[in-house]
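Below, chains carry the letters A, B, ... as their sequence lines are ordered, and counting in each starts from 1. Treat the numbers as computed from the prediction; the structure is a model and nothing was measured.
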Amino acid sequence: MVETAEEPEDPMANKGIGPVSEVTLGAEIDEAMAAEGKSIFETMCAACHKIDEKFIGPSPKGILKRRSPEWVMNMILNPEQMIKEDPVAKALFIEFNMSPMANQNLTEDQARKVLEYFRTLE
Amino acid sequence: MRRRINYLMLIASLLLVLLFVFPLWRITLTAPQYPDGISMFIWINKITGDNEYTLQNINILNHYVGMQYIVPESIPELTYFPYIILFMTAAGVAVAFTNNKKLIGTWLVTMLILGILGIYDFYLWEYDYGHNLSDKAPIKVPGMAYQPPLLGTKMLLNFKADSYPHWGGAVLGLSIILSYVALIKSRFSHEKS
Amino acid sequence: MLTLTGLFVFSACKNGMKQNSGILNNQSAAQKVYVAPGEHDEYYAFFSGGFSGQVSVYGLPSGRLLKIIPVFSVDAEKGYGFNEETKPMLNTSFGFVPWDDAHHPELSQTNGIPDGRWLFINGNNTPRIAKLDLSTFETTEIIEIPNSGGNHSSPFTTENSEYVVAGTRFSVPFPQKDVAIGSYKDNFKGALSFIKLDEDGHMDIAFQVLVPGYDYDLAHSGKGKSHGWTFFTTYNSEQSHTLKEINASQNDKDFIAAVNWKKAEEYLAQGKAQDYPTEYLINRYDEHSHTSTSITRNSVKVLIPEECPGLIYYLPTPKSPHGVDVDPTGEYIVGNGKLSADLTVHSFDKMMTAIANEAFEETIDGIPVLKFEEVLAGTVSSGGLGPLHTEFDADGNAYTTFFISSEVVKWKVGSWEVLDRAPCYYSVGHLMIPGGDSKKPWGKYLVALNKITKDRYLPTGPEMNHSAQLYDISGDKMEMLLDFPTVGEPHYGQGIAADVIKNRSKKIYPLNDNTHPHNIKSEAEARVERDGDVVRIYMTSIRSHFAPDNIEGIKVGDKVYVHLTNLEQDWDTPHGLSIMGARNAELLVMPGQTETLYWEPQKPGVYPFYCTDFCSALHQEMQGYIRVSEATSDIKLSWSLGESI
Ligand SMILES: [Cu+2]
């Protein structure tokens with residue numbers, strides 16, 4: 001009972017744990033923001049994430065079909081607590097041989113830009 | 001009157017041999033940096049330390065205040081005192097066999113004079129080491145002398161110096177007391193016979 | 001009756017104490033680690049310096065730093081690796097290597113109990129093992145390990161320090177050769193080395209066991225009934241050579257290798273070993289000549305499992321086991337599977353039965369793999385994540401560190417039940433209990449050696465010293481007493497009752513025993529000699545002067561050796577020596593010792609030299625001058641003390 005209670009029924013409803021509680025996505029992708037997000041991703045994240053394959057961490061391709069935008073931003077901004085307390089992140093951590101998602105100390109604004117970039121990877 | 005050996009006198013004189021086994025006197029210097037203290041032992045025939053490097057260590061300390069190095073080879077007493085003691089032992093044994101109260105008395109008085117002379121000599125050496133300071137000494141404390149006490153405890157700058165007789169000193173005292181008892185006893189037995 | 005009341009009062013007090021919390025608890029913790037000024041600690045603790053290459057010595061329970069002993073890294077403070085006497089200590093077959101990564105200190109043992117004679121420690125990077133003499137706290141021997149890379153499963157000792165061992169964490173071509181990295185599976189092999197100690201305590205390699213090209217991570221030798229065996233953990237049984245963080249974590253189980261070294265001795269005696277050409281160095285420091293020399297060896301004896309049945313077995317162990325730890329009875333072999341939540345404990349008795357019954361799953365390169373269920377004694381389901389290392393107390397309990405969940409878990413040997421857990425700040429690696437990997441643990445304290453410090457102390461920029469935590473383990477519950485920073489990265493530690501070492505500690509080197517080829521034993525022998533452009537200054541020091549202290553006739557381009565003998569014979573009276581402009585460190589010469597400073601004067605002038613260790617009230621006066629003239633000058637070599645030249 002307890003275990004099922006921890007599993008959120010709809011992963012898209014899980015907003016994760018962290019500073020971000022509400023994200024509004026524009027109807028159209030903001031190309032300028034996405035371009036900035038891409039360059040942040042390439043310097044800060046690409047050592048562990050590849051677009052086309054599973055690497056140290058999962059590929060971000062199609063991530064917004066699996067996760068809520070709030071959850072993604074919280075995972076970027078607050079990974080230590082997420083992998084300890086959020087059931088989805090915790091499961092990911094075990095799946096990835098306990099290699100931890102790094103906190104790259106992005107600002108919320110930068111994380112938002114990365115999120116915009118992720119939207120282009122559908 | 002039969003001549004009997006005076007055993008007390010025999011023991012008194014043979015005890016002197018122990019002076020070659022135990023030191024007469026001990027001077028111990030303690031300071032915070034020397035928690036175990038540095039001990040110097042004065043024997044009838046030598047000066048030693050609690051380990052083979054003690055004299056060197058004392059000399060290093062002494063040179064700051066301009067004291068002379070303690071070099072046992074340069075103290076003539078250490079070469080002729082042993083002969084005096086050996087002579088007194090032999091004489092004492094002979095006296096014990098004669099059991100003659102006059103001779104015993106003479107031996108005792110000689111020992112007492114020798115003892116006093118010895119202590120006076122020790123004092124002179126201490127005085128010399130303590131006062132005869134090099135005028136080039138790096139540390140000069142006006143009015144300060146570094147003569148260790150003859151008997152007792154005294155502060156010498158940062159060092160506490162304790163000077164007390166050691167086993168050899170005790171043996172010497174015992175020898176004198178025994179010969180004194182032998183003297184009384186010999187008079188007593190003399191009167192009786 | 002009286003004793004009964006006494007007992008009652010005592011236990012009542014104890015209960016009373018337990019219930020205290022907050023401030024009162026802090027006070028009792030403070031009392032437990034308080035060692036009054038001038039008093040001595042109860043235990044010595046030796047921690048490796050990791051990337052500092054050195055060993056640091058602490059007192060427990062106070063956490064006082066007592067000394068840093070230079071081992072694999074040059075140390076300007078003590079002139080180690082700078083003075084002529086200690087330079088050979090860092091020689092290898094690659095030449096002078098001035099640094100290494102020091103991981104696991106290990107005390108020598110007699111009958112399975114730490115005896116305080118020596119401390120061994122491994123150099124990980126350029127494989128080496130060092131031996132430190134605990135009567136002088138100096139590194140006195142370093143041996144290089146050939147056919148190895150990443151000397152990590154090292155230098156764990158056997159019950160009577162018959163051997164210390166060295167396993168390769170990075171398998172390499174055996175013997176080394178120029179091959180494609182992609183040919184890993186064909187060309188790369190592991191080596192498990194057994195280094196024998198002779199009667200004088202000198203180390204040399206007795207034999208190596210050639211094993212498959214896995215990563216051999218940690219080791220411990222058997223004790224009691226399992227004396228004669230040494231256990232090594234392996235990972236990367238996948239034999240990958242790139243992106244190992246993923247590729248070496250695929251198999252569900254790797255192995256613990258069990259080596260029967262008594263059997264190896266038999267095979268050695270039968271001449272079964274093959275001589276492999278190689279090159280390795282042994283560097284020995286002599287306490288009387290105060291100098292070190294390097295010996296080169298050109299071959300090593302290798303035993304091949306296919307030719308030596310019964311020499312080695314594999315015990316399957318889940319999830320890339322890191323530490324392997326043998327309990328004080330010698331029966332249980334604990335595999336700390338670092339990518340799992342559980343601990344796997346094997347039984348020595350069951351292993352022997354499985355061997356007798358030939359309960360093998362398969363054979364890899366002549367090494368039988370025992371059936372997992374046949375050797376398994378039990379599993380500790382800890383609830384923690386990432387177990388790394390286990391140590392033991394004297395009461396049948398085991399303590400395991402968990403890196404990921406950052407805690408120490410106490411459990412019962414035999415019933416495998418979890419008794420207690422305590423958090424560590426943060427991400428604990430090794431742990432140390434005095435005697436905790438021996439036959440007779442002292443117990444009482446546990447030190448967690450943590451990898452991450454973050455906010456534990458005042459911040460010191462991006463780099464923080466690593467942190468350690470001291471726990472009282474004498475009660476049922478572990479109680480944290482103290483938090484203290486450590487030097488470098490302590491991987492492992494060893495603890496030993498202070499008395500075992502304290503009374504053997506030397507105070508001076510007797511001058512009479514000094515056999516240094518360039519010593520002098522009195523100021524009368526002080527002199528300067530020239531032979532071509534080599535100038536030797538035979539100098540003495542004693543409070544508070546050097547002899548000689550005025551030297552002329554040295555020329556630009558000369559090769560000057562200052563041989564300084566410290567004539568002091570009193571405890572804790574070293575003198576230092578430094579020369580202006582010398583491209584070198586200082587000397588720091590202990591009483592009765594001779595050390596040599598090498599100096600090539602660059603330009604004409606008069607150069608002061610002085611004592612660098614505040615030795616006495618006249619230390620500031622302990623100085624001198626050396627005159628350096630043009631190479632062509634005809635100033636005569638001359639020297640003096642106390643008068644003008
Ligand atoms: Cu000095």
Could you state the interatomic distance from OG (C:Ser616) to CD (B:Gln33), rounded to the nearest 0.5 Å? 11.0 Å
Is there side-chain contact between B:Ile60 and C:Ile542, with at least one heavy-atom pair below 4.5 Å? yes
Can you confirm whether B:Trp125 is buried at CH2, in the sense that more than 12 heavy atoms of other residues, nucleotides or ligands lie under 6.0 Å from that atom? yes
Are any non-hydrogen side-chain atoms of B:Tyr34 and C:Asp570 less than 4.5 angstrom apart? yes
Is there a side-chain contact between B:Asn57 and C:Arg543 in this structure, where contact means two heavy atoms from C-beta onward sitting under 4.5 Å apart? yes
Engaged part of B:Leu61 at the chain C interface, taking heavy atoms whose separation is under 4.5 Å: side chain
Heavy-atom count around B:Tyr127 OH within 6.0 Å, excluding the residue itself: above 12? no
Are the side chains of B:Tyr64 and C:Ser544 in contact, using a 4.5 Å heavy-atom criterion? yes
Would you say NZ of B:Lys102 has more than 12 non-hydrogen atoms from neighbouring residues, nucleotides or ligands within 6.0 angstrom? no
With only heavy atoms counted, which part of C:Asp572 is less than 4.5 Å from chain B, the side chain, the backbone, both or neither? neither
What are the two closest heavy atoms between C:Gln569 and B:Gln56, and how far apart are they? N-NE2, 3.8 Å
Could you check whether atom NE2 of B:His131 has more than 12 heavy atoms from other residues, nucleotides or ligands sitting under 6.0 Å from it? yes
Is it the case that more than 12 heavy atoms not belonging to B:Tyr164 sit under 6.0 Å from its OH atom? yes
State, to 0.1 Å, how close C:Leu511 and B:Tyr53 come at their nearest heavy-atom pair, and which atoms those are. N-OH, 4.4 Å
Please flag which part of B:Asn59 lies under 4.5 Å from any non-hydrogen atom of chain C: side chain, backbone, both or neither. neither
Are more than 12 heavy atoms from other residues, nucleotides or ligands located less than 6.0 Å from atom OH of C:Tyr610? no
Within a reach of under 6.0 Å around OH of B:Tyr80, are more than 12 heavy atoms found that belong to other residues, nucleotides or ligands? yes
Filtered by a 4.5 Å non-hydrogen cutoff, the part of residues 17-28 of chain B contacting chain C is none
Can you name the salt bridge (charged side-chain N to carboxylate O under 4.0 Å, His left out) partners of C:Glu552, sequence neighbours left out? C:Arg627
Give a yes or no on whether B:Phe122 atom CZ has more than 12 heavy-atom contacts from other residues, nucleotides or ligands under 6.0 Å away. yes
For chain C, find its close neighbours in residues 136-153 of chain B: heavy-atom separation under 4.5 Å, sorted by number, or none. B:Pro138, B:Ile139
Toward chain B, the part of C:Glu621 with a non-hydrogen atom under 4.5 Å: neither
Residues from residues 42-52 of chain B approaching chain C under 4.5 Å (heavy atoms): B:Glu52
